[in-house]
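Heavy-atom basis, side chains included; hydrogens, waters and symmetry copies ignored.
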Amino acid sequence: MKRRLLFLVVLFCCTVALLALQKPLFMLWYAREGFSAGEWLAVVWHGLTLDATVAGYIAAPAVVLTLCSLWLSLRDRTWRILLRIWLYAAALLTAAVVAGDLGLYGYWGFRIDGSVLLYLARPREAMASVTTADVLLVATVFLLYGALMIGVYTLVTRIFSGARVRNRLVWTLAVLLLGGLDFLAIRGGVSVATANISKVYFSDRMVLNHAATNPVFSLLSTVGGNEDYASYYPFFDEERLSAVFEPLRGDRTPDDGTESLLTTSRPNVVVVILESFGRTLFDERIDDRWVMPNLRRYRDQGVWFENFFANSYRTDRGEAAILSGYPAQTRMSIMKLPGKSRTLPSVARSLGREGYASTFVYGGDLNFTNQASYMYGTGWQRLVWQKEMRFDAPTSKWGYADDVVTAFFTDEVLALSERGKPFLAGLLTLSSHEPFEVPYDKFDDKVLNAMAFTDECVGRMIDRWRDSPAWDNLLVVLVADHAYSYPYGIAYNVPLRHRIPMIWTGGAVRGPRTVETYASQIDFAATLLAQMGIGHGDFRFSKNVLSPATPPRRFAYYTFNDGFGVVDATGETVYDCTAGGTIFENGPDSGRLDVGKAMLQATYRDIGER
């Protein structure tokens with residue numbers, strides 16, 4: 001029986017090693033990038049997570065066959081033949097993916113994904129750009145890599161023994177324990193983030209992140225993800241969609257005459273994304289005590305956006321809306337599609353072209369919902385998150401509490417300021433999230449108490465900046481990622497559920513100002529860049545809120561599960577696509593329904609084109 005267990009352990013370890021071998025092979029193939037020894041090691045080390053996941057998938061059928069061997073009496077030769085049939089097939093498939101990926105990367109610029117299936121359906125077009133040398137090299141890699149894997153698996157299966165054993169229940173439990181460990185490898189560990197591409201991203205050089213990515217995982221994780229997004233929500237024909245959507249676009253709006261909110265066109269920019277800070281919570285007061293006294297103080301001292309809305313109810317979609325000016329989706333998240341999310345415009349990339357260094361800090365796991373791949377893919381140069389933090393403090397389900405992270409981030413911003421180079425710094429808070437367990441005791445209600453805790457942490461952070469030389473050239477943007485269902489029981493799709501605060505403060509702000517224009521998170525990017533005199537023509541959906549030339553439609557747009565809402569000065573409209581009709585409307589019909597339909601249809605069409 002020990003030989004069975006040894007077989008499973010050796011099989012898994014050998015598979016991980018075989019998959020890890022692909023990384024130096026990839027880097028040798030593309031050695032023109034000029035990798036250092038440290039980068040070679042980092043690629044292999046960071047890539048082990050997804051190598052283990054793929055190895056877990058390959059080992060899983062072997063675990064099942066091993067369990068069967070405890071209860072079925074077959075000859076050793078028969079069991080080994082069954083194991084080899086699966087392992088040889090897995091070896092050939094893996095070799096085909098590895099070889100094909102090496103050949104395609106030079107043309108595509110990203111690791112192989114589910115889109116390859118579209119080309120296999122049209123082999124003539126797929127081979128149009130492929131040279132004979134490409135075919136020979138790919139075929140050579142396939143044969144050598146496949147032969148190596150088959151050779152290793154032939155030796156490994158010799159360890160297996162199908163001899164009958166005593167105490168089958170005990171040994172069954174032992175195999176099940178190994179199966180549980182195999183499942184953890186498939187899942188990607190025990191953290192809240194399951195296996196995804198972000199787990200191997202570690203550098204602002206995308207080629208290194210691509211080198212660390214397991215091509216088999218990249219393919220498997222996107223198979224079935226090549227839906228015809230452009231065909232989703234076919235509300236209008238081409239001509240009608242163009243007519244409705246054209247006036248809503250933000251990328252063709254000139255910034256001439258934009259009101260200036262800043263004292264300088266090149267401030268250091270800090271964006272603090274506040275977890276679940278809904279407007280209803282911002283306005284809440286218990287026994288004459290504000291839940292968010294610090295944010296209310298900054299509202300009175302800075303620029304306050306009175307009619308501002310989140311584009312969704314999830315952090316990943318809110319981040320893409322804020323940082324990329326990209327509308328949230330109804331039943332998917334573009335952040336979970338690395339092949340598409342990396343093509344999005346972003347504030348980080350736009351400021352990077354102007355010489356800004358960029359740093360993003362989060363006290364939790366940026367692997368969750370592929371945040372890390374999105375961040376690196378859209379131009380953020382440095383990510384600091386839980387795995388790199390070593391605080392003498394407990395962690396919650398989501399990571400370090402906001403008190404220790406905001407203290408760290410405070411010092412980071414001050415250090416960046418002292419370097420004299422313009423910078424963009426981002427922070428995502430996390431304590432004001434379920435289960436709302438914080439080291440604080442101000443309100444009996446757990447939700448209100450957690451919100452108050454984060455508000456106090458943010459208050460201390462900004463006050464420290466205010467007392468430093470960094471303040472004079474600092475623009476601090478406070479904006480929620482999404483709202484929260486408060487008062488409790490508020491419907492998930494009504495406009496009030498999506499209303500959030502946005503405040504601009506800092507020494508670079510001219511003075512107090514209230515912006516009454518209806519807007520949402522997607523409008524932040526264009527508004528910020530316009531204030532800095534930087535073009536925002538690549539932000540198709542983002543409007544400069546302060547431009548007098550903004551198209552006549554000034555509105556806030558949000559989505560929920562298979563529906564959308566549109567709010568403007570004339571009223572509110574909520575449409576449920578599943579029900580196929582308007583479920584709430586307040587105010588005269590001013591074309592809000594067409595606005596929402598056009599925005600949703602154009603968003604999915606844009607996704608399909610990426």
Do you see a donor-acceptor pair shorter than 3.5 Å between the side chains of [X] and [Y]?
X	Y	value
Ser431	Glu275	no
Ser590	Arg592	yes
Thr343	Arg610	yes
Tyr232	Thr330	no
Tyr484	Ser432	no
Glu319	Tyr374	no
Asn561	Tyr492	no
Tyr486	Asp445	no

**Asked** Taking only residues two or more places apart in sequence or in another chain, which ones pass side chain to side chain contact (heavy atoms under 4.5 Å, CB included) with Ala530?
**Response** Asp255, His536, Asn544
Does the gap between the ring centers of [X] and [Y] come in under 6.0 Å?
X	Y	value
Phe245	Phe541	yes
Phe564	Tyr575	yes
Trp385	Phe360	no
Tyr298	Trp465	no

Side chain proximity check, [X] to [Y], heavy atoms < 4.5 angstrom:
X	Y	value
Glu284	Met451	no
Leu427	Val270	no
Ile607	Tyr326	yes
Leu475	Leu528	yes

**Message:** Please identify which of these residues, Val479, Val458, Thr454, Val291, meets the side-chain contact (heavy atoms from CB on, under 4.5 Å) condition with Phe277.
**Reply:**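 Only match with Phe277 under side-chain contact (heavy atoms from CB on, under 4.5 Å): Thr454.
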How long is the straight-line distance from [atom2] of [Y] back to [atom1] of [X], given to the nearest 0.5 Å?
X	Y	atom1	atom2	value
Ser231	Tyr604	OG	OH	11.0 Å
Arg382	Ser358	CZ	OG	10.0 Å
Glu434	Ser276	CD	OG	6.5 Å

Shortest non-hydrogen contact between [X] and [Y], atoms and distance:
X	Y	answer
Leu448	Leu281	CD2-CD2, 3.4 Å
Ala372	Tyr201	O-CD2, 4.2 Å
Asn268	Pro422	OD1-CA, 3.2 Å
Ala452	Phe443	CB-CE1, 3.7 Å
Arg349	Leu344	NH1-O, 2.5 Å

List, one per line, each side-chain donor-acceptor pair under 3.5 Å for residues 578-585, sequence neighbours excluded.
| unit_1 | atom_1 | unit_2 | atom_2 | d |
| --- | --- | --- | --- | --- |
| Thr578 | OG1 | Asp562 | OD2 | 2.4 |
| Glu585 | OE2 | Thr573 | OG1 | 3.1 |

Side-chain donor-acceptor distances from residues 332-339 under 3.5 Å, at least two apart:
| unit_1 | atom_1 | unit_2 | atom_2 | d |
| --- | --- | --- | --- | --- |
| Ser333 | OG | Asp316 | OD2 | 2.7 |
| Ser333 | OG | Met335 | N | 3.4 |

**Item:** Under 3.5 Å: donor-acceptor pair, side chain of Asn367, backbone of Asn370
**Value:** no
